[in-house]
Protein chains: 2
Amino acid sequence: MARPPLARERVLDAFEAILIDEGGRAATLDAVARRAGVSKGGLLYHFASKDDLAAGLVDRLDTLTDADLERMADSPEGPVTYYIRTSVMEDDALDRAIVATTRLAQGGSAIATAGLDRSRRRWAAAIRPHVRDDAALDLVMLLSDGLYFNNSLAFEPGAAAEDAADLVPTGAGLARLIDLVLRTTTRAPEDPEPASDEV
Amino acid sequence: MARPPLARERVLDAFEAILIDEGGRAATLDAVARRAGVSKGGLLYHFASKDDLAAGLVDRLDTLTDADLERMADSPEGPVTYYIRTSVMEDDALDRAIVATTRLAQGGSAIATAGLDRSRRRWAAAIRPHVRDDAALDLVMLLSDGLYFNNSLAFEPGAAAEDAADLVPTGAGLARLIDLVLRTTTRAPEDPEPASDEV
DNA sequence: GTCTATATAGCGATAGAC
DNA sequence: GTCTATCGCTATATAGAC
């Protein structure tokens with residue numbers, strides 16, 4: 001680890017913050033440097049190009065994913081509950097890295113797309129042993145993706161924070177949703193033979 | 001409707017295509033005009049500004065949402081199955097409009113964010129009567145969002161089309177997922193829920 | 001390691017011919 | 001209704017002083 005230069009982290013924080021608060025188009029080198037309290041030249045000393053800045057954000061996502069996988073494995077509530085519960089935007093370091101990287105990916109950054117894909121596969125692999133079958137795994141993963149998708153839209157400049165409240169379940173609503181998912185994905189099915197014929 | 005000028009539609013198609021294929025940053029007026037086979041001046045006759053171009057895309061999304069709500073209401077498989085099934089990217093007009101608008105929203109376009117939010121609320125209102133409770137509605141909506149999120153990432157330049165295949169269920173896997181969701185959301189619960197009093 | 005100044009190119013938008 | 005030409009601005013990136 002050998003803690004990286006502080007200015008470098010501050011630049012990365014600023015990049016992340018602008019991506020989240022104002023969207024991908026606003027995240028210019030000028031804007032990032034200003035927010036980080038350095039000059040553009042100072043920024044470019046730490047990150048040689050904008051692509052390098054994106055790579056730095058993806059590195060941060062990888063590191064935070066490592067830590068989250070450990071926390072998830074140790075979680076007393078179980079990996080499924082932990083994963084869904086922590087998929088609502090709580091503005092912690094991991095949430096911010098995910099939303100910021102998503103913004104980059106949607107702008108067209110290949111490295112951001114690959115980084116998101118990599119983290120997602122690691123979470124899926126860790127969760128798989130704790131759910132009934134592949135359909136159940138799909139359900140859990142997609143639900144989490146949906147939560148991030150909505151939270152990320154809710155944080156856009158066009159959306160009032162109050163309006164977002166009823167888009168995504170929080171508190172008791174989230175608890176009921178998790179309960180629903182747990183019943184659906186972790187237990188053996190009550191009716192062992194679905195025998196559905198429609199597609 | 002009084003069919004709009006063809007060139008206008010071609011420009012909108014090109015805008016959509018570039019957003020989907022190359023991401024938000026690549027969707028410049030020059031690139032859109034080139035792909036549509038018109039000059040930049042020609043483009044700007046139909047859409048006075050880039051914001052106006054975004055507004056045109058959102059209008060298209062609204063219109064396609066109208067049509068989809070009708071199809072969903074008439075669907076013999078039922079609204080829930082219809083909604084989930086059609087949430088995988090099939091490259092039809094509605095899918096393309098949604099993914100393209102999502103790219104714009106993540107770039108920071110307030111009008112795109114508002115448009116997505118509006119369509120999502122209309123779908124939610126149409127589905128609500130067909131599921132058990134609000135938690136079930138959340139599940140269905142978030143699952144659909146998750147499918148779009150993944151499909152939109154899979155279409156990014158950084159992701160090979162083959163790799164995307166195992167990210168999102170298709171065919172039989174999708175059928176099993178829908179079956180799982182239907183059992184979870186549409187039937188009366190085996191254990192009758194204690195009437196909860198919040199929300 | 002951080003700054004200012006500057007080069008270069010690309011972007012959105014306008015003007016005006018046809 | 002579509003074109004070419006061009007303006008003014010902003011973006012990324014470089015050079016070189018401190």
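So you know, we letter chains A, B, ... as the sequences are listed, proteins then strands, and number each from 1.
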Qualifying residues under ring-ring contact (aromatic ring centres under 6.0 Å, His included), relative to B:F149, sequence neighbours excluded:
none
Any residue in residues 28-36 of chain A with a heavy atom nearer than 4.0 angstrom to DNA chain C? Just list them by number, or reply none.
none
Taking only N/O atoms, report every protein-nucleotides 1-3 of chain D pair under 3.5 Å with atom names and distance.
residue	atom	partner	partner atom	Å
D:dG1	OP2	B:Y45	OH	2.3
D:dT2	OP2	B:H46	NE2	2.5
D:dC3	OP2	B:S39	N	2.7
D:dC3	OP2	B:S39	OG	3.0
D:dC3	O5'	B:S39	OG	3.4

Listed by chain and number, what are the side chain to side chain contact (heavy atoms under 4.5 Å, CB included) partners of B:A93, not counting sequence neighbours?
B:L64
Salt bridge check, B:D68 against B:R122: does any charged N sit closer than 4.0 Å to a carboxylate O?
no
In whole angstroms, the gap separating P of C:dT14 from CZ of B:F47 amounts to 16 Å
Expressed in angstrom and rounded to an integer, what is the separation of B:L44 atom CG from C:dA15 atom P?
12 Å
At a heavy-atom distance below 4.0 Å, what parts of residues 50-61 of chain B sit against DNA chain D?
none
Can you pull the side-chain hydrogen bond (donor to acceptor under 3.5 Å, both in side chains) pairs that have at least one residue in residues 31-49 of chain B, sequence neighbours excluded?
B:D21-B:R35, B:D30-B:K40
Excluding sequence neighbours, so at least two apart, what forms side chain to side chain contact (heavy atoms under 4.5 Å, CB included) with A:A67?
A:R71
Sequence-distant partners of B:F15, ring-ring contact (aromatic ring centres under 6.0 Å, His included), two or more places apart:
none
Using the test salt bridge (charged side-chain N to carboxylate O under 4.0 Å, His left out), find all partners of B:D52 that sit at least two apart in sequence or belong to another chain.
none
Other hydrophobic cluster members with B:I111, side-chain heavy atoms of Ile/Leu/Val/Met/Phe/Trp/Tyr under 4.5 Å, chained?
B:V58
Partners of A:R25 by side chain to side chain contact (heavy atoms under 4.5 Å, CB included), sequence neighbours excluded?
B:K50
Residues in side chain to side chain contact (heavy atoms under 4.5 Å, CB included) contact with B:A100, at least two apart in sequence or another chain:
B:E16, B:L19, B:I20, B:L57
